[in-house]
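What's counted below: heavy atoms across the whole structure, side chains too, no hydrogens, waters or symmetry copies.
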Amino acid sequence: MLEHGFLVDFPEGAIEQTAHEAEPQLGHPQVVDLSDWKWSSIDNDESRDLDQIEFAKKETGGVRIYIGIADVDWFVPLQSPLDQAARHNTTSVYTGVQMFPMLPEKLSTDLSSLVEGEKRLSLIVEILIGGDGRVLESNIYSAIVRNHAQLTYEAASNWLERDTLSHQDSQKESAGTTNHPSQMTVAVLKKIEQSEELKEQLRLQDQAAQALRSRRHEAGALTLQTSELQPMVSLDGSVIELTIRQPNRAARLVEDFMISANQATAMVLDRQRIPSIRRVVEVPERWDRIVALAAQRGGRLPPDPDARSLEEFLVQQQQTDPDHFSDLSLSIIKLLGRGEYKVTSPSNPSPGHFGLAVQNYSHSTAPNRRYADLSMQRLLKAATRNDPCPYSIEDLESLARHCTEKEDEANKVERFVKKCAAAMALRSRIGEKFNGLVTGASEKGTWVRLKRPPVEGRLNGDVAGLEVGDHVHVRLVSTDPERGFIDFELVKRNA
């Protein structure tokens with residue numbers, strides 16, 4: 001963290017400000033009280049920095065969803081010591097071994113977190129979704145909320161899969177059902193089963209999320225299957241296990257609501273002609289390689305980048321070759337390139353987000369964890385209250401560059417720690433052979449990711465001509481856990 005320019009301890013002024021933070025008075029007449037609604041959150045088992053909760057209502061012709069976002073700005077005024085510390089790091093860093101929060105835990109896991117049972121200030125993104133997944137209305141305002149059920153991805157997905165099967169009168173075991181659920185999953189499942197209102201909320205939210213997703217993919221948003229390496233480490237620092245975290249049905253539900261909220265916030269600021277920071281993934285520079293990968297699999301893509309054509313190819317591949325779809329997804333993700341933050345204004349429109357096939361997209365739903373979202377929250381408050389814009393164009397442009405740079409540095413920290421863990425786990429397997437996928441090929445080197453376990457390392461030997469997406473057979477030759485080095489040599493290029 002220090003080598004990449006991050007603060008690992010909060011400055012004295014931020015600590016002093018945090019010590020004086022307290023619960024806000026919640027009786028303001030201009031803030032609607034929605035705390036009696038059956039709000040719920042869905043997040044990882046270990047998450048305590050809860051930024052987002054959801055509620056849904058059935059209406060004629062559609063579903064109205066409400067996404068409550070923690071009002072972090074109330075506790076972290078612009079230019080305050082806490083704001084300056086958060087702006088320096090710009091993001092929480094999750095290494096899988098230790099978490100470095102952007103804000104002190106008194107805020108991020110308590111006062112400004114939408115934890116179960118507590119009334120909290122929030123910014124509401126209200127969206128009416130038609131039966132075909134179209135967004136018919138959107139609105140943003142402040143409200144008091146209370147999270148009535150803090151759920152987990154595993155438990156909520158488990159219940160949704162079971163509920164779907166029971167409605168279909170199927171006797172098959174659900175793919176989303178955990179054979180040996182954790183104590184946390186069992187407890188959350190019990191919480192869901194004991195509340196008819198909560199069960200109906202999950203059904204309604206899942207229905208709305210699926211409609212949103214279908215509409216988005218029809219427009220060209222890319223269907224990609226991703227997984228995340230999660231090291232499980234003992235107290236003495238020795239790696240116990242390298243696990244894989246994959247998105248499930250509940251994670252996709254939250255993602256669909258998050259994407260819709262991020263689009264809605266961007267459009268609100270556009271309507272008010274207020275400049276803002278957008279999340280951008282521009283047209284991929286390596287489109288020629290994406291075209292070649294598609295051709296290898298019998299697909300045909302146009303010579304110029306086209307998201308809808310790529311999405312049609314991905315859907316076809318997911319159906320005809322599901323066993324290799326995760327490899328194809330990883331290759332496409334690497335070739336699309338990383339996202340970045342850019343400023344948009346009435347005179348300088350955003351280049352859009354290629355992977356989501358949308359023109360206007362922000363980051364606004366995680367203000368406890370990302371500074372770009374906290375800045376967007378201030379802009380949204382100014383827009384809804386007709387207050388002056390809290391940032392100049394120059395401020396926003398500087399902030400967008402800084403957030404992009406620190407996000408890249410945070411990714412390097414996270415990758416390094418996971419590589420150290422993977423190198424430790426693999427040190428007893430030197431000499432073994434593995435199947436892998438080329439994930440990087442440039443003058444700086446060639447990189448390969450193993451199928452199992454899903455770790456990445458440098459590929460040595462005769463690697464000339466290898467490209468991202470090529471399948472290879474490799475031998476593990478060395479590991480260095482302290483430096484996070486994993487080195488392979490090429491055994492064979494697979495067809």
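Remark: Arg120 engages Glu23 in a salt bridge, criterion side-chain N to carboxylate O under 4.0 Å. A salt bridge is absent between Asp33 and Arg146: the closest approach of a Lys/Arg side-chain nitrogen to an acidic carboxylate oxygen does not fall below 4.0 angstrom.
The cationic group of Lys419 does not satisfy the cation-pi geometry with Phe485, failing either the under 6.0 Å distance to the six-membered ring centre or the 45° limit from the ring axis.
Looking at heavy atoms from C-beta onward, Ser80 lies in side-chain contact with Gln17 at the 4.5 angstrom threshold. Proximity of Phe75 to Pro24: side-chain heavy atoms (C-beta onward) are separated by under 4.5 Å at one or more points. Contact of the Ile67 side chain with the Phe55 side chain is not registered, since no non-hydrogen atoms from C-beta on lie closer than 4.5 Å. Side-chain contact between Arg216 and Glu311 is absent, with no heavy atoms from C-beta onward closer than 4.5 Å.
Screening Val125, Leu204, Leu212 for a side chain to side chain contact (heavy atoms under 4.5 Å, CB included) involving Ile65 leaves a single residue, Leu212.
The side chain to side chain donor-acceptor pair (under 3.5 Å) test applied to Gln263 returns no partner, not counting sequence neighbours. With sequence neighbours left out, Phe313 forms a ring pair (Phe, Tyr, Trp, His ring centres under 6.0 Å) with no residue at all. A search for salt bridge (Lys or Arg N to Asp or Glu O under 4.0 Å) contacts involving Arg64 returns Glu59, Glu126, Glu137, not counting sequence neighbours.
Between the side chains of His402 and Tyr371, no donor N or O sits under 3.5 Å from an acceptor N or O. In this structure, a donor-acceptor pair under 3.5 Å is absent between the side chains of Gln207 and Gln205. At a cut-off of 3.5 Å, with distance as the only test, a side-chain donor of Asp206 or Gln210 sits close to an acceptor on the other residue.
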Anything under 3.5 Å between a donor and an acceptor, one on a side chain of residues 290-297, the other on a protein residue two or more places apart or in another chain? List them.
unit_1	atom_1	unit_2	atom_2	d
Arg297	NH1	Leu293	O	3.2

Problem - Evaluation steps, salt bridge (Lys or Arg N to Asp or Glu O under 4.0 Å), between Glu397 and Lys342 - result: CA-CA 7 Å; Glu397 289 176 344; Lys342 289 199 170 183; over 6 Å; no
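Pairs passing the salt bridge (Lys or Arg N to Asp or Glu O under 4.0 Å) check and including a residue from residues 373-385, sequence neighbours excluded, read Asp71-Lys381, Asp73-Arg378, Asp73-Lys381, Asp83-Arg378, Arg370-Asp373. Pairs passing the salt bridge (Lys or Arg N to Asp or Glu O under 4.0 Å) check and including a residue from residues 264-276, sequence neighbours excluded, read Asp270-Arg278.
Contact record, Lys106 with Thr18: NZ-O, 3.1 Å, taken as the closest heavy-atom pair. Heavy-atom minimum distance, Asn147 versus Ser40: OD1-CA, 3.5 Å.
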